[in-house]
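These notes concern the structure reproduced below.
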Amino acid sequence: MTKDFYSISQFCEAVGFSRGTFYNLAKIGKAPRVMRIGRRVVISAESVEQWRRATEATSVGEVA
């Protein structure tokens, strides 16, 4: 992922989630943060990176 902002659909496609999975994760606070630019809801590349690091950190504990 090398863009500045991603739509929810673009993010889901890149990580292999369905939109439903994204919204379920968002409901429990486990999805990347979103922001509104005009009428669009987007995810910043920074938010994606923070989400990835946090997800990796919790996954490491589960694997070991």
Pairs of donor and acceptor atoms involving the side chains of residues 14-26, under 3.5 Å and at least two apart or interchain, shall be tabulated with distances.
residue	atom	partner	partner atom	Å
Ser18	OG	Gly20	N	3.4
Ser18	OG	Thr21	N	3.0
Ser18	OG	Thr21	OG1	3.0
Arg19	NH1	Ser9	OG	2.8
Arg19	NH2	Tyr23	OH	3.2
Asn24	ND2	Gly20	O	3.3

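Every residue two or more places apart in sequence or in another chain that forms a side-chain hydrogen bond (donor to acceptor under 3.5 Å, both in side chains) with Gln50 is listed here: Arg33, Glu46.
Cys12 contributes atom SG, which lies 13.5 Å from atom OH of Tyr6 (distance to the nearest 0.5 angstrom).
Cluster membership check: Val48 shares its hydrophobic cluster with Ile8, using side-chain heavy-atom separations under 4.5 Å among Ile, Leu, Val, Met, Phe, Trp and Tyr. Under a hydrophobic-cluster definition in which Ile, Leu, Val, Met, Phe, Trp and Tyr are linked whenever side-chain heavy atoms come within less than 4.5 Å, directly or via other members, Ile43 and Val41 are assigned to the same cluster.
Other residues, nucleotides and ligands contribute at most 12 non-hydrogen atoms within 6.0 Å of the CZ atom of Arg40.
Between Gln10 and Phe5 the shortest heavy-atom distance is OE1-O, 4.2 Å.
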